[in-house]
Amino acid sequence: LVSHFVSGYLANGSLTKEYLQSWGIPVEKIHTGAMCADSKNLSSSVAALNQEAKDRIRKTLGLHSGLTFLFCGRMIKLKGCKYLLAEWRRHIKDFPEDNLLLVGDGPVLPIFRKQYQNEQSIHFAGGVDYDQIYQYYAVSDVFIIPTLEDNWSLVVPEAMACGLPVACSIYNGCHPELVHKDENGITFDPLNPKSVVEALDYFHHVDIKRFGQRSREIEHNFNPENTAK
């Protein structure tokens, strides 16, 4: 019904395009690439932090010397952190120096804090002002999002603009555009325990710095300037 009155659709990605086509929307009416992150300000803020500042932040957060996996988002059931946390304990048996840093507030945060209060490799930062979020991107090595339902989450291109490889849930609609296996990250199924563990392990066998640079290159196509065009 809506389509009879609409000249065109600005869709966020290919999965949304497929959805619209499944309703009979003509392909010529659908234009993808209508999502972008605040990539310029975030990447500039990260670049401005020197190593001394990063070391100070890591010390304040109590991070160990291994890889730091970062999650940013609302602490609600649909974000899937329950499944990530459950498998994290298996991961650190092989990589005891790794860190899981979770940024965000919500109704399940108190439950997680109580459940994992004795786990030194898990760090709950709680709610963080957006103006300070770049510090968490700056001291992390990998961005991970175990969501059970996201259309095209902007935290993924945000993290990529800051030079982070990505482990992305297959239930996040942005992964076809943004996450390229063996280039800048990997996708996984948070409902499959083996898939979660393999995704975490994966980043110990790749060139993190090269993956991070590739993330920047891919995200460039989705920055505000290119999205506006």
Side-chain angles (χ1 to χ4, degrees), residues 12 33-64 67-76 78-81 84-85 99-110 112-113 116 121-147 150-169 172-174 177-179 184-185 208-209 211-229:
N12 46 26
M35 293 288 278
C36 67
D38 183 17
S39 50
K40 184 177 180 180
N41 287 331
L42 283 168
S43 59
S44 297
S45 297
V46 168
L49 275 180
N50 58 32
Q51 191 59 48
E52 183 181 351
K54 291 179 183 178
D55 290 343
R56 186 170 61 250
I57 295 168
R58 290 183 62 86
K59 185 177 180 181
T60 300
L61 293 172
L63 300 179
H64 300 152
L67 294 181
T68 296
F69 292 81
L70 172 68
F71 165 83
C72 290
R74 288 277 293 152
M75 286 292 173
I76 57 176
L78 276 178
K79 292 299 179 182
C81 290
L84 171 59
L85 287 163
N99 309 280
L100 180 57
L101 176 57
L102 300 102
V103 175
D105 200 359
V108 299
L109 179 58
F112 289 155
R113 277 183 164 158
Y116 296 97
S121 64
I122 299 175
H123 311 267
F124 295 101
V128 173
D129 190 280
Y130 185 77
D131 290 340
Q132 302 302 315
I133 201 71
Y134 72 93
Q135 298 182 38
Y136 295 85
Y137 286 127
V139 299
S140 299
D141 299 292
V142 178
F143 186 78
I144 186 163
I145 180 162
T147 184
D150 259 306
N151 199 320
W152 214 92
S153 57
L154 288 174
V155 286
V156 174
E158 282 183 1
M160 290 170 62
C162 296
L164 294 185
V166 179
C168 184
S169 165
N172 192 339
C174 69
E177 284 76 39
L178 298 177
V179 185
N184 76 312
I208 292 285
K209 194 168 287 188
F211 271 44
Q213 179 56 38
R214 183 67 182 127
S215 275
R216 287 192 181 96
E217 293 167 0
I218 295 170
E219 189 278 333
H220 180 76
N221 296 320
F222 301 89
N223 66 17
E225 291 80 9
N226 286 324
T227 300
K229 290 176 185 177

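We use all heavy atoms of the structure for the numbers below, so side chains are in, but hydrogens, waters and symmetry mates are not. Remember, it's a predicted structure, so these values are computed and weren't measured experimentally.
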Legend entry - Glu217/Arg214 ion pair, N-O < 4.0 Å: yes
Inset, instruction - Taking atom NZ of Lys209 as the centre, report whether more than 12 heavy atoms of other residues, nucleotides or ligands fall under 6.0 Å from it. - result: no
Inset, instruction - Given side-chain hydrogen bond (donor to acceptor under 3.5 Å, both in side chains), test Asn223 with Glu219 step by step and report yes or no. - result: CA-CA 6 Å; Asn223 66 17; Glu219 189 278 333; 5.6 Å; no
Legend entry - Check: Asn226 side chain, His220 main-chain N or O, donor-acceptor pair, under 3.5 Å: yes
Inset, instruction - May I ask you to decide if the ring planes of His64 and His123 are parallel, tilted or perpendicular, using 30° and 60° as cut-offs? - result: perpendicular
Inset, instruction - Please name the pair of heavy atoms, one in Ile208 and one in Pro165, separated by the smallest distance, quoted to 0.1 Å. - result: O-CG, 3.7 Å
Inset, instruction - Return yes when atom CD of Glu225 has more than 12 non-hydrogen atoms of other residues, nucleotides or ligands closer than 6.0 Å, and no otherwise. - result: yes
Inset, instruction - Please name the residue in the list Val156, Leu178, Ile218 that meets the side chain to side chain contact (heavy atoms under 4.5 Å, CB included) test with Val166. - result: Val156
Inset, instruction - To the nearest 0.5 Å, tell me how far Tyr130 OH sits from Leu42 CG. - result: 4.0 Å
Legend entry - Closest contact, heavy atoms only, Gly106 versus Pro110: O-CD, 3.6 Å
Legend entry - Residue pair Ser153 / Asp150, side-chain donor-acceptor N/O under 3.5 Å: no
Legend entry - Positive for side chain to side chain contact (heavy atoms under 4.5 Å, CB included) with Glu52, one of Leu49, Asn50, Asp55: Asn50
Inset, instruction - Would you give the length of the straight line joining atom SG of Cys36 to atom CG of Leu154, rounded to the nearest 0.5 angstrom? - result: 7.5 Å
